[in-house]
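A, B, ... follow the sequence lines: proteins, then strands. Residue 1 opens every chain.
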There are 4 protein chains.
Amino acid sequence: MNYDIHPSSSTPIFRQITDQVKRFIASGQLKTGDTLPSVRTVALHHAINPMTVSKAYNMLEMEGVLVRMRGVGMVVAERRNTARDKTNLAMPAMLSAAQVAHQLGLDKEQAIKLFEQALKVTHNESKKNAD
Amino acid sequence: MNYDIHPSSSTPIFRQITDQVKRFIASGQLKTGDTLPSVRTVALHHAINPMTVSKAYNMLEMEGVLVRMRGVGMVVAERRNTARDKTNLAMPAMLSAAQVAHQLGLDKEQAIKLFEQALKVTHNESKKNAD
Amino acid sequence: MNYDIHPSSSTPIFRQITDQVKRFIASGQLKTGDTLPSVRTVALHHAINPMTVSKAYNMLEMEGVLVRMRGVGMVVAERRNTARDKTNLAMPAMLSAAQVAHQLGLDKEQAIKLFEQALKVTHNESKKNAD
Amino acid sequence: MNYDIHPSSSTPIFRQITDQVKRFIASGQLKTGDTLPSVRTVALHHAINPMTVSKAYNMLEMEGVLVRMRGVGMVVAERRNTARDKTNLAMPAMLSAAQVAHQLGLDKEQAIKLFEQALKVTHNESKKNAD
DNA sequence: GTGGTCTAGACCACT
DNA sequence: GTGGTCTAGACCACG
């Protein structure tokens, strides 16, 4: 289970982490009781500030997504209704991609073609990272 | 031609302006050679600072969307809408949407279905704004 | 005798005119007593504001380069020492080109090669305009 | 690493900064990954407004010269100095120098001779500044 | 600690 | 009339 961090992205790093944790839970890659990678591990692995990771985990704890277990670390809290979660979590990104396509005057077919390309790229990337 | 400014929004005012100008151009409401409302006009009309408007116009000039014509104002630049340009502009948003879909464990069909919904929503939004 | 005006250039239009008039005189294309194209002609031909042309001519008159003759227009004033003038007039542009080349880390040969290309382009342009 | 700021110069302060940063990079005093002096530091040190410095850094970021690293500051971006890039960057200045030469009636040899002089001057200037 | 955004108001250059 | 530049000072987000 690896985070995909882009330090130069316009979205804050802590936001990238919280969003991805939520998505991993919704997709079932993280289940209730699973422990998350430690703050130190993540910070070292991605060369980012531990405070940033800690902040992300804290926010997830405050939202009730994670629970802090002494001596263990952060673990995934009780599972929620994932079907609906998935849509809710996916829509913002979908909408912004759709908006961009619309502003560029792309028609439906062109937009979907590009999106399919992006899916392919993403799929390949994740395989590469798994090595 | 009026901008829709929300000073309390989390997206910076200058960004709201740049986005809308791009949208106006993409939709054909602004065509090559058209002059934009002057910095002062916009600033007075929306009770915002001229610098803010100026910054927005400036960025659009640097992106090649507008051209500054001395003593005239900002003018819509020649549109060089290569297919390649469009792809380059669209890919970042497409990739982030694809990443979200992938991390949620959606398969290709589900992802595209959500994307089509987003396209529909965006389409309707733009029609509403045109009223 | 045609001016080469670039309204979108960063150097003001009136400056472009004054500089070119001086160069034409230094090169002998304009001699003492020659009349310059009228403000109206220039303004119409290049689609610029007559006030701008007038301002340029006025500044040249104040510098003693031109003389205003009633009913005739602006005529070239007494001739100056052109050999030295040429160098003085040419150096600023040469220096800025040299500076750019230097900042880009080009060596002497590369810089001169580019400059020769530019000379060729300029030469061809002027032939085209003469048609 | 210190900027040389002349507030009374006719060239805008932000431009003085952008030019110098580019020069530092071209000369190797700043290398990929180096962090620049912070906006506040520069502003305090030269008694100028932070916004002015910020604007300069911003423009360099948009040009791809710098990269903004969150919580770290501005960092020199990867240098992709294609020969083609260089030509594109150099040509405008070359063309305007060539135009001047042409309008002064200089032939190719004379023009190149002047350009070589300018190169020499520029070269000496840069050595002087390096002291 | 870093940069980003905005305001209010001034002065300048160009057309 | 147009936009450009700068100042002084405030508040925010991120790491």
Side-chain angles (χ1 to χ4, degrees), chain A residues 7 9-17 43 46-56 59, chain B residues 5 7-17 35-43 46-61 66-75, chain C residues 7 9-17 43 46-56 59, chain D residues 5 7-17 35-43 46-61 66-75:
Chain A
S9 159
S10 69
T11 67
I13 295 176
F14 82 89
R15 199 94 220 292
Q16 295 180 40
I17 297 176
H46 294 93
I48 58 180
N49 196 316
M51 291 277 297
T52 309
V53 186
S54 179
K55 178 176 177 182
M59 294 190 65
Chain B
I5 308 286
S8 60
S9 159
S10 72
T11 67
I13 296 176
F14 83 90
R15 196 125 241 291
Q16 296 181 38
I17 296 176
T35 74
L36 274 77
S38 82
V39 167
R40 288 164 171 77
T41 310
V42 176
H46 295 91
I48 58 179
N49 193 296
M51 283 263 318
T52 308
V53 185
S54 180
K55 182 176 179 180
Y57 282 6
N58 239 310
M59 295 194 65
L60 288 168
E61 189 199 7
L66 300 183
V67 172
R68 198 176 69 233
M69 292 198 49
R70 324 181 90 108
V72 175
M74 307 303 286
V75 173
Chain C
S9 158
S10 70
T11 67
I13 295 176
F14 83 90
R15 199 96 220 290
Q16 294 181 40
I17 296 176
H46 295 92
I48 58 180
N49 194 318
M51 291 278 296
T52 308
V53 185
S54 179
K55 179 176 177 183
M59 294 191 65
Chain D
I5 307 286
S8 59
S9 159
S10 71
T11 68
I13 296 175
F14 83 91
R15 196 126 242 291
Q16 295 180 39
I17 296 176
T35 74
L36 274 77
S38 82
V39 167
R40 288 163 170 79
T41 311
V42 176
H46 295 92
I48 57 179
N49 191 297
M51 282 265 316
T52 307
V53 186
S54 179
K55 182 176 177 179
Y57 282 6
N58 237 310
M59 295 193 64
L60 289 168
E61 190 199 6
L66 301 182
V67 172
R68 199 176 67 233
M69 292 198 50
R70 325 181 89 110
V72 176
M74 307 301 287
V75 172

Round to a whole Å and report the spacing from [atom1] of [X] to [atom2] of [N].
X	N	atom1	atom2	result
M59(C)	dC14(E)	CE	C1'	12 Å
N49(D)	dC11(E)	CG	P	17 Å
L66(B)	dT2(F)	CG	P	16 Å
I17(B)	dC6(E)	CD1	C1'	12 Å
R15(B)	dC6(E)	CZ	P	11 Å
M51(D)	dC11(F)	CE	P	17 Å
I48(D)	dG9(F)	CD1	P	16 Å
I13(C)	dT2(F)	CD1	C1'	12 Å

For the student: nearest non-hydrogen atoms of I48(B) and V42(B), plus distance: CG1-O, 4.4 Å
Contact summary for Q16(D) and T11(D), nearest pair of heavy atoms: NE2-O, 3.0 Å
OP1 or OP2 of [N] versus the side-chain N and O atoms of [X]: is any pair under 4.0 Å?
X	N	value
N58(D)	dG4(E)	yes
R70(D)	dG15(F)	yes
R68(D)	dG4(E)	yes
S54(D)	dG4(E)	yes
K55(A)	dG15(F)	no
T52(D)	dC6(F)	no

Pairing residues for R40(B) by the salt bridge (charged side-chain N to carboxylate O under 4.0 Å, His left out) criterion, not counting sequence neighbours: none
Test salt bridge (charged side-chain N to carboxylate O under 4.0 Å, His left out) applied to R70(D) - qualifying residues, sequence neighbours left out: none
Measure the spacing between [atom1] of [X] and [atom2] of [Y] and express it to the nearest 0.5 Å.
X	Y	atom1	atom2	value
N49(B)	K55(B)	CG	NZ	11.0 Å
M74(D)	T35(D)	CE	OG1	11.0 Å
F14(B)	M59(B)	CZ	CE	5.0 Å
T52(B)	I17(B)	OG1	CD1	7.5 Å

Contact nearer the 5' end of DNA chain E, comparing A47(B) with Y57(D): Y57(D)
Upstream residue (5' side of DNA chain E) when F14(C) and P7(B) are each assigned their closest nucleotide: P7(B)
Per S38(B) side chain, nearest of listed nucleotides dC14(F), dC14(E), dT2(F): dT2(F)
Polar side-chain contact R40(D)-dG1(E) base: donor and acceptor under 3.5 Å: no
Secondary structure of DNA chain F in dot-bracket form (Watson-Crick or G-U wobble, distances below 3.5 Å, | marking inter-strand pairs): ||||||||||||||.
Closest-nucleotide ordering on DNA chain F, the 5'-leading residue of T11(A) and M69(B): M69(B)
